[in-house]
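Here the structure comes first, spelled out in structure tokens, and everything after it is commentary.
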Amino acid sequence: MALFSANPNKLKQIELQNIIFGTDEKKLMVSNEFLDEMTKVYISKRMKVINRAMENLSTTKSPRAFFGYIDSINESLKDLIVLEKYYSFKKPVPTEFKKNLEEKKDKYILAMLNRAWKHTNNKANYDPTSGLPRSPEQFGPILEEMVEFRDQYTEAIFGHVERFYTSVYEHSIDYVEPEPEPEEELSEEEATALAEEGAEGAEAAGTDADDGIQEFMPEDFGDDMMLHE
């Protein structure tokens, strides 16, 4: 069925033409039939992108790929939403589809993170019941990907990633290892003076040097903190 009736709105036709062809014309340059055909092609291409990306959202084990699919879906939806003024979409229309996706986004993210973690456990042949630490070499890459997209997470989802992270490393995600100071070669006079200064400081400190120092002992994970396998 054609987009326009026997008495079409010329202004809308021109607006649609410029959207579909990326032009800035002041008059209609194509026939109604051709504009109708090319509009459907324009819509079809974007719907295919959305459908493929939606399928991949439910299977990918890569956070980077997941959020790439989200971006491509939103880009295509942005184009289709503009066309709602000119084209009668079937339900759900693009604005409704976008709203539904936003409402379910956190569930999709959580499922992807658990899928990625389980895949990495399987690939590493890791037994969650063994009590052995996870290898940073095996689990580091997927954790880096997860943390890369932390601005996409709710507080609860970030906490989920944090538990994955601390099961591999002995510190939280926000911990930053201080960079070592660059070593400078000292002259013989400077080295002698530094050694003498250190000896004097140790003698002055005496036996009270360790006062006020407490060793940090992290608490064990409770049953409610068990990680997904």
Side-chain angles (χ1 to χ4, degrees), residues 1-117 119-120 141-158 160-161 173:
M1 185 173 71
L3 286 169
F4 301 103
S5 62
N7 298 307
N9 182 315
K10 280 288 185 183
L11 181 58
K12 278 193 171 184
Q13 285 181 302
I14 295 169
E15 290 174 354
L16 179 60
Q17 166 193 259
N18 289 334
I19 292 170
I20 299 303
F21 299 109
T23 55
D24 189 23
E25 300 291 345
K26 304 302 181 186
K27 61 181 181 179
L28 191 63
M29 308 298 292
V30 298
S31 67
N32 288 348
E33 292 75 15
F34 186 69
L35 181 57
D36 181 25
E37 179 183 346
M38 295 310 295
T39 299
K40 290 175 180 176
V41 169
Y42 182 95
I43 292 171
S44 178
K45 285 183 178 179
R46 284 151 183 80
M47 288 303 300
K48 286 179 180 177
V49 169
I50 292 171
N51 290 333
R52 282 198 300 267
M54 286 300 297
E55 290 178 5
N56 290 329
L57 282 185
S58 300
T59 59
T60 184
K61 303 174 185 68
S62 165
R64 194 171 293 119
F66 177 90
F67 288 105
Y69 295 134
I70 289 286
D71 288 342
S72 68
I73 290 170
N74 285 329
E75 283 298 312
S76 292
L77 283 174
K78 180 180 176 182
D79 291 341
L80 295 180
I81 287 171
V82 173
L83 294 189
E84 288 183 14
K85 179 180 176 181
Y86 311 95
Y87 188 85
S88 296
F89 288 90
K90 293 180 180 179
K91 294 281 187 176
V93 301
T95 50
E96 293 172 339
F97 189 97
K98 183 177 178 63
K99 181 181 178 182
N100 292 339
L101 179 61
E102 286 297 320
E103 290 175 349
K104 297 176 181 177
K105 181 179 175 182
D106 290 343
K107 292 182 179 179
Y108 282 122
I109 291 174
L110 192 58
M112 176 274 296
L113 293 172
N114 287 336
R115 194 163 53 243
W117 191 247
H119 174 72
T120 306
I142 192 60
L143 288 171
E144 287 179 10
E145 271 198 56
M146 289 181 179
V147 175
E148 181 181 344
F149 298 95
R150 62 189 297 173
D151 61 334
Q152 299 284 343
Y153 305 150
T154 63
E155 184 177 348
I157 292 177
F158 180 78
H160 200 65
V161 174
I173 291 173

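Values reported hereafter were calculated over all heavy atoms of this structure, with side chains retained and with hydrogens, waters and symmetry mates removed. Note that the structure is a prediction, hence the values are computed from the model and not measured. Numbers here are sequence positions counted from 1.
Partners of Arg52 under the salt bridge (charged side-chain N to carboxylate O under 4.0 Å, His left out) rule, at least two apart in sequence or in another chain, do not exist in this structure. Contacts of Lys107 classified as salt bridge (charged side-chain N to carboxylate O under 4.0 Å, His left out), with partners at least two apart in sequence or in another chain: none. Legend: residues meeting salt bridge (charged side-chain N to carboxylate O under 4.0 Å, His left out) with Lys91, ordered by chain and number and at least two apart, are Glu96. Under the side chain to side chain contact (heavy atoms under 4.5 Å, CB included) criterion, Glu33 pairs with Ser31, sequence neighbours left out. Phe158 is linked by a ring pair (Phe, Tyr, Trp, His ring centres under 6.0 Å) to nothing, counting only residues two or more places apart in sequence or in another chain. Annotation: side chain to side chain contact (heavy atoms under 4.5 Å, CB included) contacts of Leu80 (sequence neighbours excluded): Ile43, Arg46, Met47, Ile50, Phe89, Pro94. In terms of the ring pair (Phe, Tyr, Trp, His ring centres under 6.0 Å) criterion, Tyr153 has no residue partners (sequence neighbours excluded). Legend: residues meeting side-chain hydrogen bond (donor to acceptor under 3.5 Å, both in side chains) with Lys26, ordered by chain and number and at least two apart, are absent. Evaluation of the salt bridge (charged side-chain N to carboxylate O under 4.0 Å, His left out) rule for Arg115 yields no partner, not counting sequence neighbours. Taking the side chain to side chain contact (heavy atoms under 4.5 Å, CB included) definition, one finds that Thr23 meets it with Gln17, Asn18, Phe21, Glu25, sequence neighbours left out. With sequence neighbours excluded, the residues satisfying side-chain hydrogen bond (donor to acceptor under 3.5 Å, both in side chains) with Gln152 are Lys105. Qualifying ring pair (Phe, Tyr, Trp, His ring centres under 6.0 Å) partners for Tyr108, counting only residues two or more places apart in sequence or in other chains: none.
The CE atom of Met112 sits 8.5 Å away from atom CD1 of Ile157, with the distance rounded to the nearest 0.5 Å. Atoms OG1 and CD, on Thr120 and Glu145 in that order, are 9.0 Å from each other to the nearest 0.5 Å. The line from CG of Asn9 to OH of Tyr86 is 9.5 Å long, rounded to the nearest 0.5 Å. Here the CE atom belonging to Met146 is positioned 10.0 Å from the OG atom belonging to Ser62, to the nearest 0.5 angstrom. Taken from CG in Asn56 to OG in Ser72, the straight-line distance is 8.5 Å, to the nearest 0.5 Å. The CG atom of Asp79 sits 3.5 Å away from the OH atom of Tyr42 when rounded to the nearest 0.5 Å.
Leu28 has its side chain within reach of Leu35: a pair of non-hydrogen atoms, C-beta onward, lies under 4.5 Å apart. Using a 4.5 Å heavy-atom threshold, the side chains of Met54 and Phe97 count as touching. The closest side-chain heavy-atom distance from Ile142 to Lys61 is not below 4.5 Å. You'll find the side chain of Leu101 reaches within 4.5 Å of the side chain of Asn74, heavy atoms only. Residues Gln13 and Leu16 are not in side-chain contact: their nearest non-hydrogen atoms beyond the backbone lie 4.5 Å or more apart.
Atom CD of Glu102 has more than 12 heavy atoms from other residues, nucleotides or ligands within 6.0 Å.
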Open item on the list: Walk me through whether Phe67 and Ile109 qualify under side-chain contact (heavy atoms from CB on, under 4.5 Å).
Closed with: CA-CA 9 Å; Phe67 288 105; Ile109 291 174; 4.0 Å; yes
TODO: Take Lys85 and Lys12, measure what side-chain contact (heavy atoms from CB on, under 4.5 Å) needs, and give me the verdict at the end.
DONE: CA-CA 9 Å; Lys85 179 180 176 181; Lys12 278 193 171 184; 4.2 Å; yes
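Without hydrogens or angle criteria, Ser76 side chain to Ile73 main chain gives no donor-acceptor distance under 3.5 Å.
Checked options Leu77, Ile81, Asn100; the residue passing with Thr95 is Ile81 (criterion: side-chain contact (heavy atoms from CB on, under 4.5 Å)).
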